[in-house]
Protein chains: 2
Amino acid sequence: MNTKQQIVAYSADMLRTRGFNGFSYLDISRELGITKASVHHHFPKKQDLGLALCEWTEEWLVQGFKHFEEHGISEWDKLQRYARAATKHCLSEQMMCPISALHGDLNKLPLEMQQALQVLDNIELDWVSRVLQAGIDAGEFKAADDPRGLASVFIFSCKGALYYARLHGKELFHQTMQQFEKLIKE
Amino acid sequence: MNTKQQIVAYSADMLRTRGFNGFSYLDISRELGITKASVHHHFPKKQDLGLALCEWTEEWLVQGFKHFEEHGISEWDKLQRYARAATKHCLSEQMMCPISALHGDLNKLPLEMQQALQVLDNIELDWVSRVLQAGIDAGEFKAADDPRGLASVFIFSCKGALYYARLHGKELFHQTMQQFEKLIKE
DNA sequence: TTCAGCCTACCTACCTGTAGGTAGGGCGTC
DNA sequence: GACGCCCTACCTACAGGTAGGTAGGCTGAA
């Protein structure tokens, strides 16, 4: 892994624990044992790093969805895998979803990053909508006239509960996902 | 309104647009035309200001719930009023929920503020849980074995959709709330 | 009434440590 | 020599905070 990739990897961790404006080039330089100016060499402006992080996030998303599709034994199982993947680091390492982290700093992001974030949102909403629609078609879930709206409920429930789990413990997360499951199945 | 109250009022706006770590004493001093040291006079450390903001948020919450209770003509109407109140500034002024804002900076908040935030979360979850339970008892909503988990779904759906509405427009917000309504009524 | 002491609310000046960034240079590899 | 990747040194502008001070108002005692 070359220096540039190390910068992105470490920055992705920081994005998820402190948000985009919560870590600096000095943080990165200290972690990797290089100078700040060297970080600037690879990413001249923080926006450049931010866009690289959006690309990283998209890759992370796309690979995740591919994995869930390959291993999910039902549509609900795919959604559960999504939720479990999101949980994986949250409860032990206090990490949030990178997309949520970017939304938290939305007002301070340059336009280009906002546009990249919009793309990420749609990738995620599209995938969950498709899984829900497939589940409805297969009789796993109750009929819904707007899978995208329903996908929103699922995504926001999941992410919100993960945010809160950092302070309230994982029980609330499980309660939330359980109620969502009952709502779409019963 | 004295200086201290002005500091809190302005800080509350900043909390909701930039997050707790997104504005500084210099920002406040510039806005109010006083020096930074004068801000420190009223709130020696930023944590003191943070705790005052938590109090402000609690007052804002409690008054909101009182208003929704007084004017709500059904349990769903109360929840809709909650959602509409949250929407009121979000779509025009890019303001987020203060509680969400604090959660976004959770890892960087001193312990005392984290504890105050936990209290705020519970106040909100408790109120929504009670409204949902009353609606279930009155036959407005379908039975649920865990009103608190259901309250989580509602709150997170609402807040998440507001976050996204800043970037995607209000349609997604309405879709989300509409699907939630169908889920608990049909 | 006057005055000392105290309080509130502000001020200037200063501190350490960044945060994002710029300019010029060195070194190793091909 | 060219280039990638690093470096030192520096810039402006903070961010949270500290120390010492001033001004005006209030209160109680002489």
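In what follows, chains are A, B, ... by sequence order, proteins preceding strands, each numbered from 1. The figures that follow rest on heavy atoms only: side chains count, while hydrogens, waters and symmetry mates do not.
Summary of the strand contacts: A/Arg30 and A/Gln47 both lie near DNA chain C, and taking for each the nucleotide with the nearest heavy atom, the more 5' one is attributed to A/Arg30. Toward the 5′ end of DNA chain C lies the nearest nucleotide of A/Leu26, the other residue of the pair A/Leu26 and A/Lys45 mapping further downstream.
Put simply, CG on B/Leu49 is 10 Å from P on D/dG17, counting in whole angstrom units. Between the CZ atom of A/Arg18 and the P atom of C/dA19 there is a distance of 9 Å, given to the nearest Å. The NZ-P distance, from A/Lys46 to C/dG20, rounds to 4 Å in whole Å. Straight-line distance from the CD atom of A/Gln6 to the P atom of D/dG4: 19 Å, rounded to whole Å. Atom CG of A/Asp27 is separated from atom P of C/dG21 by 14 Å (rounded to the nearest Å). The distance from atom CZ of A/Phe43 to atom C1' of D/dC5 is 13 Å, rounded to the nearest whole Å. We find that CG of B/Asn21 is positioned 11 Å from P of C/dA19, with the value rounded to whole Å. The distance from atom NE2 of B/His40 to atom C1' of D/dG20 is 15 Å, rounded to the nearest whole Å.
In this structure, A/Lys46 satisfies the cation-pi test against A/Phe20, with its NZ or CZ atom closer than 6.0 Å to the six-membered ring centre and inside 45 degrees of the ring normal.
Within the 4.5 Å cutoff, side-chain heavy atoms of A/His103 are placed close to those of A/Asp121.
Between the side chains of A/Gln118 and A/Asn122, no donor N or O sits under 3.5 Å from an acceptor N or O. For the residue pair B/Gln175 / B/Glu171, no side-chain donor-acceptor distance below 3.5 Å is found, with atom types taken as modelled.
Between B/Lys66 and B/Glu69 no salt bridge is recorded (no basic side-chain N to carboxylate O distance below 4.0 Å). Note on B/Asp145 versus A/Lys182: salt bridge recorded, some NZ/NE/NH1/NH2 to OD/OE distance being below 4.0 Å.
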Look for any protein N or O under 3.5 Å of an N or O in nucleotides 6-9 of chain D and output each such pair with its distance, or none.
residue: D/dC6; atom: OP1; partner: A/Thr3; partner atom: OG1; Å: 2.6
residue: D/dC6; atom: OP2; partner: A/Thr3; partner atom: OG1; Å: 3.4
residue: D/dC6; atom: OP2; partner: A/His42; partner atom: NE2; Å: 2.5
residue: D/dC7; atom: OP2; partner: A/Thr35; partner atom: N; Å: 2.6
residue: D/dC7; atom: OP2; partner: A/Thr35; partner atom: OG1; Å: 2.8
residue: D/dC7; atom: OP2; partner: A/Ser38; partner atom: OG; Å: 2.3

